[in-house]
Protein chains: 4
Amino acid sequence: MKKKDMNKQTIIQDAVAEIILAEGAVSVSTTKVAKLAHIAQSNVYLYFKDKQALLDSVYQRERNRIINTTDIAELRNHDIDIETRIRYYIEQVYDYSLANPDSMNLIQQIKFLMGEDDGLVINDSPNNIVHELLQEAIDNQVIKKLPINLHMGMVFSTIHQHTNNIGDQQYPESEYKFEDIYQFIWDAMRIH
Amino acid sequence: MKKKDMNKQTIIQDAVAEIILAEGAVSVSTTKVAKLAHIAQSNVYLYFKDKQALLDSVYQRERNRIINTTDIAELRNHDIDIETRIRYYIEQVYDYSLANPDSMNLIQQIKFLMGEDDGLVINDSPNNIVHELLQEAIDNQVIKKLPINLHMGMVFSTIHQHTNNIGDQQYPESEYKFEDIYQFIWDAMRIH
Amino acid sequence: MKKKDMNKQTIIQDAVAEIILAEGAVSVSTTKVAKLAHIAQSNVYLYFKDKQALLDSVYQRERNRIINTTDIAELRNHDIDIETRIRYYIEQVYDYSLANPDSMNLIQQIKFLMGEDDGLVINDSPNNIVHELLQEAIDNQVIKKLPINLHMGMVFSTIHQHTNNIGDQQYPESEYKFEDIYQFIWDAMRIH
Amino acid sequence: MKKKDMNKQTIIQDAVAEIILAEGAVSVSTTKVAKLAHIAQSNVYLYFKDKQALLDSVYQRERNRIINTTDIAELRNHDIDIETRIRYYIEQVYDYSLANPDSMNLIQQIKFLMGEDDGLVINDSPNNIVHELLQEAIDNQVIKKLPINLHMGMVFSTIHQHTNNIGDQQYPESEYKFEDIYQFIWDAMRIH
DNA sequence: TATGAATGAGTGTTCATTCAT
DNA sequence: AATGAATGAACACTCATTCAT
């Protein structure tokens, strides 16, 4: 049993994630979580201050997964052409989203539950790098002078929609190449 | 009091809308609705079969507002250049969204609560016309051969994000013209 | 439409009876009754003081049906042999029960709801005649010296059970003759 | 306090039984049960899945009481004369009913609430033995060839009525001996 | 670390009844 | 005579959270 090695924290977080993906974030309750994690209900409060903290932690775990999976450092590498760096960024979001379709859904669900309405656009330090990158691109007149969250939101929502389409088996992954999606996004962003 | 003229149905729906916009769809409860509408809780069930029906009705009311506000018929007018029709469609979404920023948020919130994950993309008859339009555009090689919900999702999410930015006073409405937003969207869609 | 001739009282009572037979007396509510009778809920109170009065009236209606259907007078006819009169009484209960199986169930259901636990044994004036008859039979040492409600309860419960068995299609009505049932009952009552 | 030793399950079940006997099964509500058991209403759900499960458990508890109190095994002992075995069976029902008058009422009330209309005749394994016994008696022409539930219903309803009469203080227990009741029942069943 | 027991506040929903029209 | 609107009380059930052990 793999589960034996995991610590309880992780088991609980997994339960939360499972419920969110199956029934939506609204349906998460300590009762259900405990049942799914095979622990006592009160036990949840041993590992998490309250339900909010629990959801936060699941959210953060997913954020970290992204950060650890993707290579942000390169985005700051000014030796690389800015257009290339943006493409690299989009590619990473694309790869991550296809490899971890649930991850994006989790983040979206939790953000929605918490009442944040900027969709998948996340404002934390790793994303600040992206923010800087896009700001730089705007300043250098590489991409359109529009609010940065419009640029980012478009990247996320497009890729996420595409990933969900595949998950819903609307078409096979092979139907569209990265290049197709990238062209769509990049055409929007760039100055023609 | 304006409210005196309205019938109770409307008053209740307004209460629901108010709560959704202030606290999110998750927070809607018959208790709160009744309190805000200044009626007894049980009274809600005089006008709506159950909570689901209540939410549905609020959703439909918003849908109808869109349908009645926008001019779908023209989108089918084959005398008009297809590119112009798409531009016209985007313009309508843009105008509606700016004029009724809450409307989009209501729809989004209710859809989320009901567990539909295609965001603001709506699959009902008026939207089928849009669907047809975009399909025609794909067939005529006017826009990129990509899933239609990618095209539509992009229209909605971009405009909605922009509208929310204005609502959050991140910048004044005057900061960006329709043309700016349109260019962003259209560049993504069209074949270059 | 027959219903047009009936007065509302009757229509309402019919609705109550229908609900009781289909779902049990517990399920009777003014809401359901009104819906089934195609009248406004408040209208019920135009014809009946309250729910209790409504149920009482349905009960009484059934009682009267029995009284009007059966021939009690003969039971007091001392020109007739007492044993014959008892047989006649049992025969009448039997005939009525087979002809109106719902009637007995209605009475039973309503009595249950009202918390009277003497089953189908009814203590009102027409039954007092039966009571007298059986008392006379005890005094004359024709039937066993046992509480009269034991005698009566046995008559009712046996016949009612038999009727329900037929209703449940456990066996066809033809399977047992009145004589079979009568023998069972009479053997219990009489002194051997 | 005796109650301290009992576990909560039992306390709750007792509360249910008390309400049923005092006000009828219809009156059982989690609110009342909790109040009587001196616990919070929500606490009921700690011990019972739902109200149905609660009622079932009270029913089963009573069934088990009967099963554990009575001696069914002997009824199958073919070394004993069949007539004697039936008498033994009736005696056991009689003894149990007098010793536990509430028990029968509880069972009757719960069965009625659940919409089972075969009265006190119970179709579970211990009663199958009685069923077998009576079938055997019919086959051997010891008792009348009538539906078995007519035989059993008569045993139960007669004894139960008698017990209730005593409970209602219509007459003292001493007024009638078992032999009197038995004769009444047995005369009905047997072939003369 | 772990649990079961406990609870008050809240959920959606149904009910019998009243009243103005 | 008839209705629609209104309501407070009750219902079964779920929840997040606390606490003693």
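In what follows, every chain begins at residue 1, and chains take the letters A, B, ... in the order their sequences are listed.
The nearest whole Å value for the distance from the CD1 atom in Ile19(D) to the P atom in dA12(F) is 10 Å. The CG-P distance, from Leu46(D) to dT14(F), rounds to 12 Å in whole Å. The distance between atom CG of Leu113(B) and atom C1' of dG12(E), rounded to the nearest whole Å, is 14 Å. Protein atom CD of Gln9(D) is 14 Å distant from nucleotide atom P of dG4(E), rounded to whole Å. Rounded to whole Å, atom C1' of dA1(F) lies 13 Å from atom CG of Asn7(C). As rounded to whole Å, 11 Å separates atom C1' of dA1(F) from atom CD1 of Ile39(C). Nucleotide dG12(E) holds its P atom 14 Å from the CD1 atom of Ile12(B), rounded to whole Å. If you measure from atom NE2 of His38(D) to atom P of dT7(E), you get 12 Å, rounded to the nearest angstrom.
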Report, one line per pair, each donor and acceptor closer than 3.5 Å where one atom sits in a side chain of residues 30-40 of chain A; sequence neighbours left out.
residue, atom, partner, partner atom, Å
Thr30(A), OG1, Gln41(A), OE1, 3.1
Lys32(A), NZ, Glu23(A), OE1, 3.1
Lys32(A), NZ, Ser27(A), O, 3.1

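Note that CZ of Phe112(C) and CD of Gln109(D) are 4.0 Å apart. Values are rounded to the nearest 0.5 Å. Taking CG of Leu106(B) as the reference point, atom CZ of Arg65(B) lies at 8.0 Å (rounded to 0.5 Å).
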Protein-proximity profile, nucleotides 14-21 of chain E, B/S/- by nucleotide at the 4.0 Å heavy-atom cutoff, equals BBBBBB--
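Inter-residue side-chain proximity for Gln13(D) and Phe48(D) is flagged as met; some heavy-atom pair is nearer than 4.5 Å. Residues Gln108(C) and Met104(C) have side chains not in contact (no heavy-atom distance under 4.5 Å, counting atoms from C-beta outward).
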Going through the checks in order, is the side-chain contact (heavy atoms from CB on, under 4.5 Å) test met by Ile107(D) and Tyr59(D)?
CA-CA 6 Å; Ile107(D) 288 179; Tyr59(D) 176 83; 3.7 Å; yes
I would like to know whether Asp14(B) and Arg61(B) meet salt bridge (charged side-chain N to carboxylate O under 4.0 Å, His left out); could you show each step before the answer?
CA-CA 10 Å; Asp14(B) 287 349; Arg61(B) 193 171 66 147; 2.9 Å; yes
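Formation of a donor-acceptor pair under 3.5 Å by the Lys8(B) side chain with backbone atoms of Asn43(B) is not found in this model.
Inspection of the Asp56(B) and Gln60(B) side chains reveals no N or O donor paired with an N or O acceptor under 3.5 Å.
No engagement by Phe48(B) is indicated, since no non-hydrogen atom pair under 4.0 Å with the nucleic acid exists.
Remark: DNA chain E takes part in the stems E:2-21 with F:2-21, each of 3 or more antiparallel Watson-Crick or G-U pairs, criterion distances under 3.5 Å.
Considering only side-chain N and O atoms, Tyr47(D) lies nowhere under 4.0 angstrom from the phosphate OP1 or OP2 of dG4(E).
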